Every structure is written in structure tokens, then in C-alpha cells.
Amino acid sequence: MDNNDSFPQRVYHILAAIPEGCVTTYGDIAALAGSPRAARQVGGVLKRLPEGSRLPWHRVVNRLGLLSLTGPDFLRQREALVAEGIQVSSNGQIDMARYRWRI
DNA sequence: CACGTGACCGATT
DNA sequence: AAATCGGCCACGT
């Protein structure tokens, strides 16, 4: 990953590296992107992901393992996670000790 | 340049 | 255990 990439570009690269069946957190992505305190911006980037990108946006949850999305988006994320074998409770929480990805 | 806004986080009630 | 509070910082206006 190139240091003069923009913040969104860095986020894209990191996202692409998350293996199927694993998740990571907004804060971790921010740290990997070189801005440890920019977790909220990671959320902002994901929200504005280019139309039709194949990036696994659904593999990002908050530090507690909770899906930070609401409404129909929440349902889509849960569906996508379950589809790759990740167990998600009905309230939208996953077991971080089991699924969290670190390099 | 100066705000206001968050798909957040950690510490503190 | 749950709610609240500040801080955070990229981005848009």
C-alpha cells in the first residue's frame, strides 16, 4: 500500500485484505490506514463506497462485534456475514474472539 | 478559513 | 451493565 494514497484508497486496500469468514473493526482499519483515531471516517468511507464495488464492506463491525448499521442495511450485512459462515445473533452481534482478523 | 457531521472509541459515571 | 461524555479527524458546505 502506498503512503501517498488518500485515506479512502487506504481503506479500500485494507478492506480487500480481510479474508472471507473474518471481520475487523472500524478502529483497526483506521489504525492500519495510519490514523488510529479516525474510526468514524472509516464508517464514512464505507457509506460512500463506489457503486458496484466488490469490496467486503460487510466484514466491518464495531469494537464490540456489533453491526453498526440500521434498517435494511443491517439486514443485508447480517445476511452477507451468515453467507460466509459467520454466526450473527438476532441482535446483530458476533463473537469477536472467534472471527476477528489481525495481520 | 470555520463550522457541522458522523456505519467510532475509551474512559467515566 | 448500561448510559453518557469528550475526543477524534476526514469531508462537505
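By convention in this document, chain letters (A, B, ...) are assigned in the order of the sequence lines, proteins followed by strands, and residues within each chain are numbered from 1. Nothing here was measured: the structure is a model prediction, and the numbers come from that model.
- Within 4.0 Å (heavy atoms only), A/Gly27 reaches sugar-phosphate atoms of the nucleic acid but no base atom.
- With rounding to whole Å, A/Phe74 atom CZ is found 16 Å from B/dA7 atom P.
- What separates CD of A/Gln93 from P of C/dA2 is a distance of 10 Å, to the nearest Å.
- Atom pair A/Arg40:CZ and C/dG6:P shows a separation of 14 Å (rounding to whole Å applied).
- Toward the 5′ end of DNA chain B lies the nearest nucleotide of A/Gln41, the other residue of the pair A/Gln41 and A/Val61 mapping further downstream.
- The CH2-P distance, from A/Trp57 to B/dA7, rounds to 14 Å in whole Å.
- Distance, A/Met96 CE to B/dC8 P: 13 Å, rounded to whole Å.
- Classification of A/Arg59 and A/Glu84 as a salt-bridged pair holds, one side-chain N sitting under 4.0 Å from a carboxylate O.
- Side-chain N/O atoms of A/Arg37 and base N/O atoms of C/dG7 include no donor-acceptor pair closer than 3.5 Å.
- In the model, A/His58 has no side-chain atom that pairs as donor or acceptor with a side-chain atom of A/Glu79 under 3.5 Å.
- Rounded to a whole Å, the CG atom of A/Leu46 is 18 Å from the P atom of C/dC9.
- Listed candidates were C/dA10, B/dC9, B/dA7. Nearest to the side chain of A/Phe7 is C/dA10.
- Note: CD1 (A/Ile29) to C1' (C/dA10) measures 15 Å, nearest angstrom.
- Here A/Ser35 reaches the OP1 or OP2 of C/dA10: one of its side-chain N or O atoms lies under 4.0 Å away.
- Counting heavy atoms from C-beta on, the side chains of A/Arg63 and A/Met96 never come closer than 4.5 Å.
- For A/Arg63 and B/dC8, the shortest distance from a side-chain N or O to OP1 or OP2 is not below 4.0 Å.
- Proximity of A/Val45 to A/Tyr12: side-chain heavy atoms (C-beta onward) are separated by under 4.5 Å at one or more points.
- Distance, A/Asn91 CG to C/dA2 P: 11 Å, rounded to whole Å.
- The side chain of A/Tyr26 approaches B/dA7 more closely than any other nucleotide in the set B/dA7, C/dG7, C/dC9.
- Under the side-chain contact (heavy atoms from CB on, under 4.5 Å) rule, A/Val60 has a single partner from A/Val23, A/Leu55, A/Leu15, A/Leu67, which is A/Leu15.
- Counting non-hydrogen atoms under 4.0 angstrom, A/Pro36 reaches nothing in the nucleic acid.
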